[in-house]
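Comments concern the structure below.
We use all heavy atoms of the structure for the numbers below, so side chains are in, but hydrogens, waters and symmetry mates are not. Atoms within a ligand are numbered from 1 in the order they appear, just like the ligands themselves. Since the model is a prediction, treat every value here as computed from it, not as a measurement.
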Amino acid sequence: MKVLGVESSCDETGVALVETRADASPRLLAQALHSQVDMHAAYGGVVPELASRDHIRRVVPLTRQVLQAAGCEAGEVDLVAYTRGPGLAGALLVGAGFAVALGAALGRPTLGVHHLEGHLLSPFLADAASSGRPEFPFVALLVSGGHTQLMRVDGVGRYTLLGETIDDAAGEAFDKSAKLLGLGYPGGPALARLAESGDPSAFKLPRPLLNSGNLDFSFSGLKTAVMTQARKLGSSMADGERADLAASTQAAIVEVLVTKSLRAVAQSGLRRLVVAGGVGANRRLREQLDAGARERGLTVHYPPLHLCTDNGAMIALAGAMRVQAGLASGTRDGGFDVKPRWPLDAIA
Ligand code: KG4
Ligand code: ZN
């Protein structure tokens, strides 16, 4: 089965073609991505209206590009999957409208999938050379710009929420701290880069809810502490101090994520951890999770680096795996809706 995936929930337009076969692992045939990051950078964050307009401009050329790269005719597509939510309503409507129209033109079903399910299943596109493909059941750490959750995953569509952030997401903590340090948008990768040359123990920053006994997270207090330090240093902040504050911030976020993830795995009695979402690209997070897992004899799986942030491949994959699992078959009625707010455990 060949599934075309369309992602447009935020500021990346992603299209990809994934092939599944009953006797083999899913295979990414081709993918194309256009990031709007530069367009939104001038505003310090995503402007929803601009995002929607740009998705409209990009989605058709990207789809052509994917089909051409895969050497595939549009008529060979068996299913068109699109991100139904959560995300920006206008942006979601562009991808959904396009996918449903394409499905109708091709006489193929369309299927709206959950963006976080895409992230969660994306490590199934990993190859043996990287962290390998996971097997169910596992604990998943979902860390993106909008979400920070620990999930128990027993199979496709079988998700139990173990803990989540009560305020900011981990990616938001990276982005907001980066802004306070005068770094661009989105600040996560920039802060991580700057942190490479800083001392992670230079500033004492809080580790919110580290010993709360549950698996919830909180990052808003950390952001306030970073703001206080940045104000103290003021405009005369030396480059070394900026790098130290970046490194200390990253260390605080990563320590909380690692501690709670390993605790979640221990409490669940499982042996596997899957990390997904944009923050999953963070090197310190990967190093510390790998070290903690080695000590405990656990395995950690990551999506390939290029599939950590939003992309169409994870949406195609989630659609394909839902169909394979017998949970969905798509619709042909031409109707669709999007769900800007949509908890993942609601689809379990
Ligand atoms: O999953 P994603 O692409 O989009 C959402 O669904 O939110 O995640 C984007 C988030 C942003 O907050 C970005 O700053 C963060 O992931 N991010 C990183 C890194 N790469 C992306 N944060 C820390 N270190 C990184 N290397
Ligand atoms: Zn995402």
Side-chain angles (χ1 to χ4, degrees), residues 5-14 16 31 33-37 40-41 44-46 48 51 82-88 91-92 95 113-123 140-149 164-165 168-181 183-196 198 200 217 219 222-223 226 246-247 249-258 274-289 302-315 317-318 340-342 344:
V6 180
E7 155 63 29
S8 70
S9 65
C10 189
D11 59 350
E12 330 268 350
T13 321
Q31 73 149 337
L33 188 73
H34 180 264
S35 172
Q36 305 173 355
V37 158
H40 297 294
V46 178
Y82 63 91
T83 305
R84 188 178 175 204
L88 301 169
L92 290 166
V113 306
H114 198 292
H115 180 83
L116 293 182
E117 184 170 46
H119 276 304
L120 194 77
L121 298 176
S122 59
L141 171 67
L142 274 175
V143 268
S144 70
H147 297 87
T148 300
Q149 298 184 331
E164 65 182 332
T165 183
D168 292 350
E172 222 175 335
F174 267 103
D175 294 341
K176 287 179 176 172
S177 303
K179 207 169 187 174
L180 293 167
L181 290 172
L183 303 170
Y185 163 84
L191 189 145
R193 254 191 320 276
L194 181 59
E196 296 282 321
F217 302 90
F219 290 106
L222 174 63
K223 174 192 61 196
V226 174
T249 305
Q250 175 176 257
I253 298 170
V254 166
E255 185 181 335
V256 179
L257 292 175
V258 170
V274 159
V275 183
V279 182
N282 186 270
R283 206 166 83 184
R284 185 179 175 96
L285 177 66
R286 288 185 174 218
E287 283 169 1
Q288 300 217 341
L289 278 176
Y302 306 93
L305 259 187
H306 69 285
L307 298 182
C308 274
T309 46
D310 294 348
N311 62 84
M314 67 185 198
I315 301 306
L317 177 74
R341 292 179 171 275
W342 193 15
L344 179 58

Is the number of heavy atoms from other residues, nucleotides or ligands within 6.0 Å of NZ (K176) greater than 12?
yes

Among L191, L222, L183, the one residue meeting side chain to side chain contact (heavy atoms under 4.5 Å, CB included) with S177:
L191

For G171, the ligand 1 atoms with a heavy-atom partner under 4.0 Å come out as 12 (O)

Ligand 1 N/O within reach of F174 N/O, cut-off under 3.5 Å:
no

Atom indices of ligand 1 within 4.0 angstrom of H119 heavy atoms, with elements:
1 (O), 6 (O)

E172 vs D175, test: side chain to side chain contact (heavy atoms under 4.5 Å, CB included). Steps then yes/no.
CA-CA 5 Å; E172 222 175 335; D175 294 341; 5.6 Å; no

Quick one: does E172 get an N or O within less than 3.5 Å of an N or O on ligand 1?
no

Between A190, G146, G145, flag the one that comes closest to atom 10 (C) of ligand 1 by a heavy atom.
G145

Kindly give the heavy-atom pair with the smallest separation between S8 and T83, and that separation in Å.
N-OG1, 4.3 Å

Tell me, do C10 and V46 make a side-chain contact under 4.5 Å, heavy atoms counted?
yes

The Zn ion (ligand 2) -> D310, closest N, O or S atom is OD1

of all protein heavy atoms, closest to atom 22 (N) of ligand 1 is G188 CA, 3.7 Å

So that I can tick it off, tell me whether R283 and E196 are bridged by a salt bridge, with the cut-off set at under 4.0 angstrom between side-chain N and carboxylate O.
yes

Hey, are the side chains of H114 and W342 touching, using non-hydrogen atoms and a 4.5 Å cut-off?
yes

Heavy-atom nearest neighbour of atom 23 (C) of ligand 1 within options N282, I253, L285:
N282

Would H115 count as a contact for the Zn ion (ligand 2), in the sense that one of its N, O or S atoms lies under 2.8 Å from it?
yes

So, C10 and the Zn ion (ligand 2): N/O/S under 2.8 Å, yes or no?
no

Distance-only polar pair, side chains of E12 and H34, donor-acceptor under 3.5 Å
no

Considering D175, L142, D310, L116 one by one, which has a heavy atom nearer to atom 12 (O) of ligand 1 than any of the others?
D175

Does a side chain donor of either Q31 or N311 reach within less than 3.5 Å of an acceptor in the other side chain?
no

Which atoms of ligand 1 have any heavy atom of S144 under 4.0 Å away?
1 (O), 5 (C), 6 (O), 7 (O), 8 (O)

Heavy-atom distance to atom 21 (C) of ligand 1: which of A170, G278, P186 wins?
G278

With a 4.0 Å cut-off on heavy atoms, does C10 reach ligand 1?
no

Just which atoms of ligand 1 are under 4.0 Å from any heavy atom in T309?
3 (O)

Side chain to side chain contact (heavy atoms under 4.5 Å, CB included) between D310 and S9, intermediate numbers included
CA-CA 9 Å; D310 294 348; S9 65; 4.2 Å; yes

Under-4.0 Å heavy-atom contact with ligand 1, by part of H115 that carries it
side chain

